[in-house]
Amino acid sequence: MPLDANIYTEITPLDDALDKLFKALDAARESSGQDRLPQAVACPTAKAEGCVLCSAVPAARPFPPFAIAAASGYALKATDTFAATSETPATLQEGKTCFAVTSGDALPPSCDAIALSAHAAVDGRGGVSITAPMLPWLHVRRAGSDIAAGEALFGRNHILRPSDIGALLAAGVDEVQVWDRLEVFLATVGGNFRPAMATADKTAPGTGTSPDAAGGTPDTASGTVSGTTSGTATDTPTDTRMVDGITPSLAARAEALGCRARLAAPLAATAESLRNFFQKSLAAGGHALLLCAADEAALAVVRAFMEAEGQIVAPNVGLLPGAPTMAAVYEGRPVFCLPSSPAGTLSTFSALVSPTLLLMSRRPTGQYAGTLPGAPTETGDIVAELASSLPAYPGLDVFSPLALARVGEKTVALPLRLGEGYKTTVRTQGFAHITANGKGAPLGSMVRARPLRPVETLYSTLFCAGGRDMVLDIMADALLRQPHPVHMVSVGADAADALEALKNNHCHVAVLHMADDDKGEFNFGFVQRHWPQGKVIFVNLAIRQVGLVVPAGNPRGLKSITDIRDKKLRCVNRLAGSSTRMQFDALLRHAGLTPQDVSGYETEVESQLAVAAAVLTGRADCGPGVAAAASAVGLDFVPLGGERWDLVIPRAFLDDPRVISVQTLLQQTEFKKRITALGGYEINLTGQKLELGVRLGA
């Protein structure tokens with residue numbers, strides 16, 4: 001039945017229009033049983049910039065793949081120099097016990113340190129005198145120090161940037177699974193228009209597909225397919241048609257969102273022309289259709305056609321400028337009819353079309369967009385408060401990489417490590433410039449930051465301070481899958497740094513897993529001792545089992561921590577200050593052992609996966625770690641105890657949409673299943689608000 005004429009005078013609020021459109025698309029998909037969204041395709045990593053991942057991507061190999069020299073000098077075995085002094089140097093033989101290397105060279109297999117030229121004297125007969133003791137791994141970048149094999153690099157629905165491409169290739173990922181690009185077909189209906197020069201006879205730049213491959217270009221008069229409709233008119237006085245500059249502009253906007261834009265020549269305002277355009281577009285794989293009505297007469301034709309053959313869900317969306325605008329569904333695809341005015345199409349595309357295309361493309365929609373106090377400077381910089389100090393390097397201009405987020409009422413800039421490698425580049429959202437003759441900036445000071453992403457992303461970025469663990473990788477991945485995607489930046493820091501970030505309002509949440517040996521409690525005592533006035537809540541993330549990573553099959557039969565001493569096993573350790581290291585030390589104390597009882601206690605690695613890699617390659621017989629890291633590389637795990645990982649959330653941020661998304665996620669069964677699937681985690685407290693006295697098994 002035709003719609004009541006009065007419906008066109010009714011205004012549909014924007015949020016209601018989007019809600020009705022999404023529900024109509026869901027209903028069409030359910031009734032047809034067809035998924036009309038882009039499907040997963042394989043893409044060479046080198047060509048995947050701007051693509052959206054359809055699954056999480058782990059590193060296929062470590063980076064660096066082997067130990068390399070971090071400075072020029074002589075590679076040697078550290079133990080050969082332990083007794084060296086300037087008076088009694090250690091004399092080594094070049095080519096036998098020491099080797100000349102330059103920065104970036106692979107370290108010879110027998111070596112584990114680099115002596116700089118300042119500590120090496122050459123006698124000209126092959127002898128090299130080392131005048132100071134060298135520590136193991138001095139001036140050496142160990143294998144996997146930047147990226148460990150199996151480490152989660154990116155989660156599902158992550159948009160790949162140029163820096164991400166480099167990280168993936170370095171980590172041995174030559175091909176990725178991505179969502180195919182959304183196909184959007186566009187045309188102007190009615191009016192006295194001609195196509196802009198060389199726009200209707202080819203697809204938008206960069207698609208690499210001819211119009212014939214996409215089903216051709218609908219003919220101006222009838223909507224039939226023609227591959228040669230454009231380029232025939234010239235700017236002569238006898239041609240009184242206006243150039244259609246609106247649809248090419250919209251096509252460029254769609255391309256900027258990662259879609260493929262297929263631009264047709266202007267259509268006649270007839271049902272036959274519309275039907276041919278729609279059918280040809282759908283046959284060519286169209287996912288969305290976008291029309292510009294030249295005038296009220298053309299809009300009336302589009303409305304009548306959609307009443308008869310489609311479904312109008314919002315005949316008059318409340319946008320200004322942008323009226324009249326219509327949202328509809330045709331054979332399970334969204335259809336937008338926009339006014340043919342530059343200002344109207346700009347606002348309507350941004351408010352209505354863009355969120356729909358982004359959602360269909362599985363891209364973040366900027367749900368938390370807002371206006372910063374004070375506009376960006378003329379150079380595009382924003383003012384942000386530093387979450388840690390920025391040093392100056394006299395004589396050098398420093399562009400310090402930053403992660404940026406809106407925390408409470410201020411923009412926070414978290415300086416990232418200059419030398420951390422790919423981990424820094426993929427997290428960089430902006431830069432702060434420290435000039436060659438400038439001074440450093442202390443913690444809490446204000447700096448000008450040049451954002452590399454739209455300012456709106458500040459409102460959809462969540463800072464999480466403290467902790468490094470695979471469950472946080474899952475959490476970051478899951479937050480990007482939520483209806484309102486949140487990009488979580490997890491700041492690996494010790495408990496003291498995490499608490500400092502909370503005190504300074506430099507993070508939205510902090511992860512703590514601090515055991516109180518005397519009471520068997522976690523986290524509460526630590527916060528109360530160091531921040532008794534803090535107004536926070538504790539929400540459990542998971543209980544993580546800690547123990548020993550051992551070779552597959554546990555060939556040495558480890559059952560307890562004392563077996564390390566009794567069986568004379570070689571161990572590898574986590575960094576001092578990490579929670580795993582503290583748990584390991586506590587287990588040693590409770591068993592009556594000292595660090596001297598553990599061979600390799602002083603050998604430190606930077607991550608859980610690095611512990612597993614050391615055991616896998618035979619560099620160690622065991623090491624303190626978690627079950628997830630062991631299973632990731634096919635090793636076994638001997639559990640020895642548990643630690644409670646809690647999210648500490650300032651009460652002031654409980655109403656922040658990003659924090660709400662986190663708390664909602666912790667209640668989801670699917671998220672808990674993903675944690676359980678890692679192995680070595682318990683979820684009986686996950687998502688619960690905790691009070692003092694709640695222990696591991698409560």
At what distance, to the nearest 0.5 angstrom, does [atom1] of [X] lie from [atom2] of [Y]?
X: Ile382; Y: Arg450; atom1: CD1; atom2: CZ; value: 10.5 Å
X: Leu390; Y: Ser400; atom1: CG; atom2: OG; value: 4.0 Å
X: Arg36; Y: Arg29; atom1: CZ; atom2: CZ; value: 9.5 Å
X: Gln663; Y: Ile649; atom1: CD; atom2: CD1; value: 4.5 Å
X: Ser55; Y: Phe154; atom1: OG; atom2: CZ; value: 13.0 Å
X: Leu402; Y: Thr428; atom1: CG; atom2: OG1; value: 8.0 Å

Taking the side chain as every heavy atom from C-beta outward, state whether [X] and [Y] have any pair of such atoms under 4.5 Å apart.
X: Leu290; Y: Phe349; value: yes
X: Thr686; Y: Asn540; value: yes
X: Leu647; Y: Leu666; value: yes
X: Arg262; Y: Val184; value: no
X: Pro551; Y: Asp621; value: no
X: Phe584; Y: Cys571; value: yes
X: Leu168; Y: Leu160; value: yes
X: Leu575; Y: Arg581; value: no

Intermediate values then yes/no, side-chain contact (heavy atoms from CB on, under 4.5 Å), Leu263 and Leu186: CA-CA 5 Å; Leu263 186 58; Leu186 308 94; 4.1 Å; yes
Any donor-acceptor N/O pair, [X] side chain to [Y] backbone, under 3.5 Å:
X: Asp636; Y: Ala552; answer: no
X: Arg181; Y: Gly258; answer: yes
X: Arg574; Y: Glu606; answer: yes
X: Arg658; Y: Thr461; answer: yes
X: Asp646; Y: Leu541; answer: no
X: Asp146; Y: Pro64; answer: no
X: Glu682; Y: Ile543; answer: no
X: Gln608; Y: Asp469; answer: no
X: Gln177; Y: Ala40; answer: no
X: Thr45; Y: Val173; answer: yes

State, to 0.1 Å, how close [X] and [Y] come at their nearest heavy-atom pair, and which atoms those are.
X: Arg427; Y: Ser490; result: NH2-O, 3.4 Å
X: Leu357; Y: Ala288; result: CD2-CB, 3.9 Å
X: Ala152; Y: Asp473; result: CB-OD2, 3.7 Å
X: Trp137; Y: Ala67; result: CZ3-CB, 4.3 Å
X: Met360; Y: Pro334; result: SD-CG, 3.7 Å
X: Ile165; Y: Glu49; result: CD1-N, 3.7 Å

Asp180 bridged to Arg260 by N-O distance under 4.0 Å: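 Yes, charged N to carboxylate O under 4.0 Å.
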Please name all residues satisfying side-chain hydrogen bond (donor to acceptor under 3.5 Å, both in side chains) with Gln482, sequence neighbours left out, ordered by chain then number. Gln668
Mind checking side-chain hydrogen bond (donor to acceptor under 3.5 Å, both in side chains) for Asp174 and listing every partner two or more places apart, or none if nothing turns up? none
Passes side-chain contact (heavy atoms from CB on, under 4.5 Å), Asp105 versus Phe99? Steps please. CA-CA 11 Å; Asp105 286 349; Phe99 306 85; over 6 Å; no
Apply side-chain contact (heavy atoms from CB on, under 4.5 Å) to residues Leu665 and Arg481 and explain how you reach the verdict. CA-CA 10 Å; Leu665 175 67; Arg481 303 192 194 192; over 6 Å; no
Looking just at side-chain N and O atoms, do [X] and [Y] make a donor-acceptor pair shorter than 3.5 Å?
X: Glu385; Y: His506; answer: yes
X: Thr457; Y: Gln429; answer: no
X: Asp164; Y: His158; answer: yes

May I have the step-by-step check of side-chain contact (heavy atoms from CB on, under 4.5 Å) for Leu18 and Thr356, ending in yes or no? CA-CA 8 Å; Leu18 286 168; Thr356 305; 3.7 Å; yes
